[in-house]
Number of protein chains: 2
Amino acid sequence: MVTISDVADHAGVSASTVSYVLSGKRSISESTAERVRGSIAELGYRPNARAVALASRRANAIALVAPLRADNNVPVIMQFVAAAAMAARARNHDVLLVTQEEGVAGLERVSGSSLVDAVIVMDVEIADRRIPMLTTLEIPAVMIGHPGHSQGISTIDLDMAGAAELAVQHLAELGHRSIAMLGSPSAVYERKSSYAIRFREGFERARTEFAVEGHWYPVEPSYQSTREVLQAHLAQHPETTGLVVHNESILGEVLAELADEGFRVPEDVSLVALCPPDLAVNQRVALTSIAVPTADIGAAAVDMVLGLVDGTAHAESRLITPVLTIRSSTAGPRPAVQPLDDETRTP
Amino acid sequence: MVTISDVADHAGVSASTVSYVLSGKRSISESTAERVRGSIAELGYRPNARAVALASRRANAIALVAPLRADNNVPVIMQFVAAAAMAARARNHDVLLVTQEEGVAGLERVSGSSLVDAVIVMDVEIADRRIPMLTTLEIPAVMIGHPGHSQGISTIDLDMAGAAELAVQHLAELGHRSIAMLGSPSAVYERKSSYAIRFREGFERARTEFAVEGHWYPVEPSYQSTREVLQAHLAQHPETTGLVVHNESILGEVLAELADEGFRVPEDVSLVALCPPDLAVNQRVALTSIAVPTADIGAAAVDMVLGLVDGTAHAESRLITPVLTIRSSTAGPRPAVQPLDDETRTP
DNA sequence: TTGAAAGCGTTACCAC
DNA sequence: GTGGTAACGCTTTCAA
């Protein structure tokens with residue numbers, strides 16, 4: 001292994017000088033800098049990350065606590081992870097993956113052993129047991145999600161409540177008066193994942209706000225569950241013409257089932273989804289949808305937490321405004337059977 | 001921060017003694033060991049991972065190069081990552097996530113800077129440009145996948161060719177004589193991802209081996225593509241009664257499309273999928289399927305590479321035997337129009 | 001069974 | 001503008 005002293009010797013300077021030309025933390029004459037760079041290239045010197053971390057008190061790494069469970073939103077999780085990893089690399093940091101299962105202990109471990117400089121926690125629950133512990137950590141943290149009480153820990157997420165309201169608003173403005181929300185699997189609500197709870201709350205609030213009839217259901221990621229929920233609801237509420245789907249993995253099933261039952265989209269039923277754009281576009285009908293801006297959120301989480309690390313930022317809670325993209329799955333409800341009534345009344 | 005010397009002072013021993021009670025690398029009298037453990041607990045001492053890494057020449061971390069792109073098999077990728085992370089933790093190692101985009105440079109970086117002790121590379125291509133570089137690394141590597149030439153680098157994967165053959169064999173033995181394979185998106189074949197190429201090769205070999213007619217098609221992850229490919233094939237080959245699907249994201253669409261066209265599964269068409277079991281089970285028909293044993297492969301990859309790190313193992317290539325689980329999507333083809341012919345022949 | 005001390009490869013402070 | 005040299009917090013050899 002080539003060390004900094006090897007480079008120093010080769011360039012005829014001291015080790016500290018080599019360190020300084022690398023870090024730029026003090027001015028070096030162009031001539032020696034050039035010489036040092038030459039030696040570095042010639043010898044193929046690579047700074048030893050372990051020694052750098054120990055001496056500089058910076059690991060140049062952040063921990064990412066990710067829910068790697070089988071879930072309905074795996075692609076979204078993956079996009080968060082990818083975005084965070086890329087953003088971290090762009091700022092010269094690496095990402096240490098910590099599984100959700102490690103829980104509180106995992107956070108204690110990576111922080112207590114100074115493995116990383118900061119931590120990003122995904123899939124936060126409304127009353128997440130990790131939050132109190134995050135406040136005691138010596139390293140900064142940011143959560144992707146929006147718990148009930150962030151207790152001074154930075155958070156960032158899509159405004160899920162706003163997203164649900166936006167979906168309902170869109171349908172309501174088109175004239176739909178009865179709307180059903182097909183939600184995430186029940187386990188997601190049971191563990192009170194903030195993204196799902198917030199979306200549901202937004203849906204319920206929007207119901208009042210826009211004076212529409214509204215019902216919501218958890219849906220398991222299966223054809224069976226999708227079919228049952230949809231059939232049961234439509235049997236009880238045949239007046240329903242609007243659907244809000246917050247469950248990526250059943251989109252195809254919902255559309256198939258609607259087709260099976262003779263409902264056309266958007267002529268008979270309008271549908272708004274919360275899902276990645278590519279999923280929305282690749283269905284039998286291009287779906288009007290709200291996207292989770294995973295790339296933005298992942299990158300912002302990294303920026304926020306590194307800002308805390310170097311002291312250039314303070315804790316904050318960011319909520320990203322949802323954007324609805326209108327495609328082909330939403331339209332005004334058809335004018336009911338009015339024309340016929342008119343005719344029978346004519347004579 | 002509590003250091004090892006703090007503990008040593010508190011326990012009235014030397015730092016080396018503390019180190020040895022922690023590592024167990026030399027015998028310590030039970031009395032002092034007890035005293036040291038007490039001090040550790042009392043002071044809340046956590047060894048500094050950076051210092052440990054530097055002094056012991058072990059980072060206790062492995063790099064995992066994962067394709068975090070949007071792809072058709074995101075859930076499988078995620079399961080590999082989760083399995084590797086858990087296996088690593090079980091062996092007291094952490095996982096550093098390296099994105100596929102970092103490519104060769106990423107491997108050079110984490111290895112050259114001694115960030116990690118070993119590397120696991122996923123989604124290997126047939127002639128992967130990273131292989132020659134892996135051979136030059138100072139740290140061991142294993143690839144998840146099965147390239148054309150592993151050049152002495154350990155590999156592990158499901159026997160994808162065998163999986164395809166198994167699928168065809170199952171259909172052939174049921175009596176199907178014309179089989180279509182709906183494969184991964186074309187981009188996967190273009191970049192020559194080993195898993196897809198191997199599966200296709202196995203399919204083509206099985207065609208001959210079991211003397212069946214066989215055609216394969218790449219399918220994009222969309223309703224549109226699924227529909228087009230299926231309709232085009234069935235129009236040209238109405239005799240097809242067997243389907244092999246190597247593309248998780250279109251399973252629902254395939255079944256929906258078959259239903260739309262009036263084909264019953266398995267009465268008219270039998271279908272074998274290569275996909276996670278939960279996906280197979282949650283379709284409108286429970287699918288006969290071959291699973292990728294992600295947990296086994298991920299754990300084995302970690303075991304193999306850590307075995308190389310501590311010198312207790314040698315490079316090897318492992319291929320895991322595929323297992324087919326019969327569910328409700330496969331049956332013998334219906335007896336064609338034979339009965340009618342018999343009757344016309346009777347008189 | 002235990003202690004002292006020399007590294008591990010950098011960084012950054014203190015001199016000049 | 002540059003060099004010397006303590007740290008950084010631990011592991012491990014050498015001695016006792």
Side-chain angles (χ1 to χ4, degrees), chain A residues 1-37 39-40 43-61 92 110-117 138-139 310, chain B residues 1-37 39-40 43-61 92 110-117 138-139 310:
Chain A
M1 155 175 275
V2 182
T3 70
I4 199 169
S5 331
D6 295 333
V7 175
D9 291 350
H10 186 272
V13 297
S14 72
S16 54
T17 297
V18 176
S19 177
Y20 284 121
V21 342
L22 247 21
S23 69
K25 286 185 181 173
R26 81 176 178 194
S27 50
I28 303 278
S29 74
E30 189 46 44
S31 64
T32 61
E34 200 50 54
R35 196 149 31 91
V36 168
R37 280 193 283 267
S39 299
I40 287 174
L43 300 180
Y45 168 68
R46 313 285 264 102
N48 182 302
R50 301 168 190 183
V52 172
L54 180 57
S56 69
R57 286 124 177 290
R58 278 285 174 67
N60 282 306
N92 198 34
V110 296
S111 161
S113 63
S114 301
L115 245 187
V116 297
D117 302 318
E138 308 100 300
I139 58 176
D310 60 27
Chain B
M1 154 176 276
V2 181
T3 71
I4 200 170
S5 332
D6 296 333
V7 175
D9 291 350
H10 186 272
V13 297
S14 72
S16 55
T17 297
V18 176
S19 176
Y20 284 122
V21 342
L22 248 20
S23 69
K25 287 187 181 172
R26 81 177 178 193
S27 52
I28 303 279
S29 74
E30 189 46 45
S31 64
T32 60
E34 200 51 54
R35 195 150 31 89
V36 168
R37 281 192 283 267
S39 300
I40 286 174
L43 300 180
Y45 169 68
R46 315 283 266 101
N48 183 300
R50 302 168 191 184
V52 172
L54 180 58
S56 69
R57 284 112 183 290
R58 279 287 175 72
N60 283 306
N92 197 34
V110 296
S111 162
S113 64
S114 301
L115 244 186
V116 297
D117 302 318
E138 307 100 301
I139 58 177
D310 60 27

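Note that this is a predicted model, so its numbers are computed, not measured. Throughout, a chain's letter reflects where its sequence line sits, starting with A, and its residues are numbered from 1.
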Please determine, for the side chain of Ser29(B), which listed nucleotide (dT1(C), dT10(C), dG3(D)) has the closest atom? dT1(C)
Of the listed dT13(D), dT5(D), dT11(D), the closest approach to the Ile4(B) side chain comes from dT11(D)
Whole-Å distance separating the CZ atom of Arg50(A) from the P atom of dT10(C): 12 Å
Under the 3.5 angstrom rule, does the side chain of Arg58(B) hit a backbone N or O of Asp117(B) as a donor-acceptor pair? no
Counting heavy atoms from C-beta on, name the nucleotide in dT5(D), dC10(D), dG1(D) closest to the side chain of Ser16(A). dT5(D)
Looking only at atom types and distance, does a side-chain atom of Arg26(B) sit under 3.5 Å from a main-chain N or O of Tyr20(B), one as donor and one as acceptor? no
Phosphate OP1/OP2 of dT1(C) contacted by Ser27(B) side-chain N/O (<4.0 Å): yes
Does Thr32(B) put a side-chain nitrogen or oxygen below 4.0 Å from OP1 or OP2 of dT1(C)? no
Report which part of the nucleic acid Thr17(B) touches: base, sugar-phosphate, or nothing (heavy-atom distance under 4.0 Å, all strands). sugar-phosphate
Considering every strand and a 4.0 Å limit on heavy-atom distances, what is the contact class for Thr3(A): base, sugar-phosphate, or nothing? sugar-phosphate
Counting the atoms with a prime plus P, OP1 and OP2 as sugar-phosphate, which does Leu54(B) contact under 4.0 Å by heavy atoms, base, sugar-phosphate, or nothing? base
Starting at atom CG of Leu43(B), determine the distance to atom C1' of dG9(D), rounded to an integer number of angstrom. 15 Å
Quick one: Tyr20(A) OH to dT11(C) P, roughly how many Å, whole number? 9 Å
Regarding Ser23(A), tell me which of base, sugar-phosphate or nothing describes its non-hydrogen contacts under 4.0 Å with the strands shown. nothing
Rounded to the Å, how far apart are Lys25(B) NZ and dC10(D) P? 15 Å
Nucleotide dT10(C), atom P - distance to CZ of Arg46(A) in whole Å: 12 Å
Among the nucleotides dT2(D), dG9(D), dT10(C), whichever has the atom closest to the side chain of Ala51(B) is dG9(D)
Whole-Å distance between dG9(C) P and Arg58(B) CZ? 15 Å
I need the Ile4(A) CD1 to Ile40(A) CD1 distance, nearest 0.5 Å. 7.5 Å
Interatomic spacing from OG in Ser19(B) to NZ in Lys25(B) - rounded to 0.5 Å: 7.5 Å
In whole Å, what is the span from the CD1 atom of Ile28(A) to the P atom of dA12(C)? 14 Å
How long is the span from the CZ atom in Arg46(B) to the OG atom in Ser111(A), to the nearest 0.5 Å? 8.5 Å
Looking at Ser19(A), I'd like to know whether one of its side-chain N or O atoms comes within less than 4.0 Å of OP1 or OP2 on dT11(C). yes
Look at all strands and tell whether Arg26(B) reaches a base, only sugar-phosphate, or nothing, counting heavy atoms closer than 4.0 Å. base
Can you check the Leu22(B) CG to dT12(D) P distance for me, whole Å? 12 Å
Nucleotide of dG9(D), dT2(D), dT1(C) approaching Arg57(A) most closely (side-chain heavy atoms): dG9(D)
So do Thr3(B) and Asn48(B) actually touch side chain to side chain, heavy atoms under 4.5 Å? no
